[in-house]
Amino acid sequence: MASIPPNQTLYIRNLNDKIQKEVLKHALYGLCIAYGRVLDIVALKTMKMRGQAFVAFDDITAATAALRQLNGRRIFGRPLQVEYALSKSNVVAQNDGSYRFNEPHKHMSAVERKRITDESSEEDDIGPAPPATNEDYEATRDNGDDEVSPSSTLFITNLPDNISIDVLAGLFQKYAGFQEVRPVPGKRNMAFVEYATVDSASAARNVLNGFKLSADQPMRVAFSR
DNA sequence: AGCACA
């Protein structure tokens, strides 16, 4: 079996394509960041590309470690199939100066190209991506009800019943200071998330409170008491 | 199964 030469980008397939794209990326990020710096994650929901993702690492060593550890690992109910990508990601090309944003990477008719483009812009995500900044967040935040004082432990409620620890870890690991997710025994729709400091917990809370993991259930992220 | 990104 002719194998693919090492590449600092991994090609991942067999992903559950029912999962909201942003959630998927967060989860992959959470899994991958353990092996090195992650430069970018690309996932498309086009006909051709759904169920697949590209994770660009800092270097080949990190990618190789992630490939070894993550291949076959179950996430969202499916074992990941991880290989090296065939080509260089744009992010890495940009980094090494070889990026030319014109050169066609595929031979495709104009109509095919248009079809792909249309599909890419189609909005099939269930809910919104987490706001990118705290400023964005102010618009979506619920100015509510917690009189609990800030803490390094977050208490998550209103989760979809069948949520996995993987998903939550994927989401919360993206924010600095993340330590662990702890299930609440007997309560499938709640969890604790531990951060190193009050500030890091607070930052994660600011972004993720109200984030939808399912269409109708914005999760609530509060400080634990 | 399916190797993209502006």
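Protein chains get the first letters and strands the later ones, always in sequence-line order, with residue 1 at the start of each.
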Which part of the nucleic acid, if any, lies within contact of A:Ile12, taking any heavy atom under 4.0 Å across all strands shown: a base, the sugar-phosphate backbone alone, or nothing?
nothing
Heavy-atom count around A:Arg182 CZ within 6.0 Å, excluding the residue itself: above 12?
yes
Sorted by chain and residue number, the ring-ring contact (aromatic ring centres under 6.0 Å, His included) partners of A:Phe155 (sequence neighbours excluded) come out as A:Phe192
* Touch class at under 4.0 angstrom, heavy-atom based, for A:Asp40 against every strand present -> nothing
Separation of B:dG2 atom P from A:Leu86 atom CG, nearest Å, is 11 Å
To the nearest angstrom, the CG-P distance between A:Asn90 and B:dC3 comes to 17 Å
Between CZ of A:Arg50 and C1' of B:dC3 the distance, given in whole Å, is 17 Å
query = Salt bridge or not for A:Asp59 and A:Arg37, using N-O below 4.0 Å?
reply = no
Between the base of B:dA4 and the side chain of A:Thr46, is there any donor-acceptor pair under 3.5 Å?
no
In terms of ring plane angle, is the pair A:Phe178 and A:Tyr195 parallel, tilted or perpendicular, where the classes change at 30° and 60°? perpendicular
| message | So, OP1 or OP2 of B:dC3: does either fall under 4.0 Å of a side-chain N or O from A:Lys48? | response | no
Separation of B:dC3 atom P from A:Lys88 atom NZ, nearest Å, is 20 Å
Here the distance between atom P of B:dA4 and atom CG of A:Asn7, to the nearest Å, is 13 Å
From CG of A:Asp17 across to P of B:dG2 the rounded distance in Å is 15 Å
To the nearest angstrom, the OH-C1' distance between A:Tyr11 and B:dC3 comes to 5 Å
From CE of A:Met49 across to P of B:dC5 the rounded distance in Å is 8 Å
